[in-house]
2 protein chains.
Amino acid sequence: MTYENLDAKLINSLLSNGRASLRSLGDELDVSVTTVSNHLRDLEEEGVIRGYTPVVDYDKLGYDVTAVLQLKVEGSALPDVTEKLRQEKQMVSVYEVTGDYDVIAIGKFTDTDGMNDQIKSILTDADIRESNTSVVLNAVTENEQFDLDVKE
Amino acid sequence: MTYENLDAKLINSLLSNGRASLRSLGDELDVSVTTVSNHLRDLEEEGVIRGYTPVVDYDKLGYDVTAVLQLKVEGSALPDVTEKLRQEKQMVSVYEVTGDYDVIAIGKFTDTDGMNDQIKSILTDADIRESNTSVVLNAVTENEQFDLDVKE
DNA sequence: CGTCGAGGTTTTCGTACGTCATCACACCTA
DNA sequence: TAGGTGTGATGACGTACGAAAACCTCGACG
């Protein structure tokens, strides 16, 4: 057998500790360091693993307010609007979606005043027909990356 | 205080490469390895850095559909509902929010059928008065973690 | 009132040691 | 033939530890 689940197991291990050494990963999965190294290189080249980041608690850094923006956009202006949102660094996620609204975006702000200012400056765009802002009261789960299924 | 911006710089460096070595971080910031090690330990103990993860491209792993669920929940049942959503591993983010709806959740699914099944099973909860699902057509930005401001 | 300096504390640094990642190559086995 | 393993060499890495530097506090003195 050629370790078809190794990649999934590798990713799951890294999800619990993204700075684990290749050796510890090898020990954990009963596989040689070389094999871990090869698979990881492949996963990175394929783009399955796009990089590594620390998980930062923005609350603790003073970004106390998270908001969900929903926008209705004039059809032809959609690319412009999403691009503009993408460039706002505090926009954590920006989605084009089906349904009542065309765009859903999630942003983080230092306080409600800062939030109001930034949102207002975004909404001045003439192509935004309607908008709706929900402030997050409690982030039950945020950007949780889930484990992959490993079939035996 | 010495090096008051070091922590912010450290986090920014790690945001661009979460597996960077303590030495390379030290070189980059003109600081000794030990200092990097100490500050990182403190940041982790304080919970500012909650861990490290690979950035996984779920699209490439067959999770092709992302959806945004919005729910109106019977007030007293809110904790139950959010807890239930939290335990659904494919729910990437779950927020309690102000506004028209009470809960906004983002989930990832293998296909629209799988999505429908899972969402239906969630929505059977009697305490969910109303729901609204938006399917993501295009993830312009997703879980982007932004750099911190460094004051001179 | 403002400055000085002794002291203790915190932060940073350099070194040393054992571990680690990477690479090349030969070997194994399904 | 393709994917996994082991070995050995080399330079990089993480951590522990003692020394040194920077910082803070507070009473004494001009």
Provide, to the nearest angstrom, the distance between the [atom1] atom belonging to [X] and the [atom2] atom belonging to [N].
X      : N       : atom1 : atom2 : answer
D30(A) : dG6(D)  : CG    : C1'   : 15 Å
R41(A) : dT22(C) : CZ    : P     : 10 Å
L40(B) : dT11(C) : CG    : P     : 15 Å
L6(B)  : dT12(C) : CG    : P     : 7 Å
L43(A) : dG3(D)  : CG    : C1'   : 15 Å

Give a yes/no answer on whether the side chain of S37(A) brings an N or O atom under 4.0 Å of OP1 or OP2 in dA21(C). no
Any side-chain N or O of H39(A) under 4.0 Å from OP1/OP2 of dG4(D)? yes
Give a yes/no verdict on a cation-pi contact between K89(A) and F146(B), requiring under 6.0 Å between NZ or CZ and the six-membered ring centre and an angle within 45° of the axis. no
So, with a heavy-atom separation below 4.0 Å from DNA chain C, the residues of residues 18-27 of chain B are none
Would you say the side-chain atoms of E142(A) and Y95(B) include a donor-acceptor pair closer than 3.5 Å? yes
Consider only side-chain N and O atoms of Q70(A) and N132(A), and report whether a donor and an acceptor are under 3.5 Å apart. no
Residue pairs fulfilling side-chain hydrogen bond (donor to acceptor under 3.5 Å, both in side chains) with at least one residue in residues 119-128 of chain B, sequence neighbours excluded: none
Would you give the length of the straight line joining atom CG of N138(A) to atom OG1 of T82(B), rounded to the nearest 0.5 angstrom? 7.0 Å
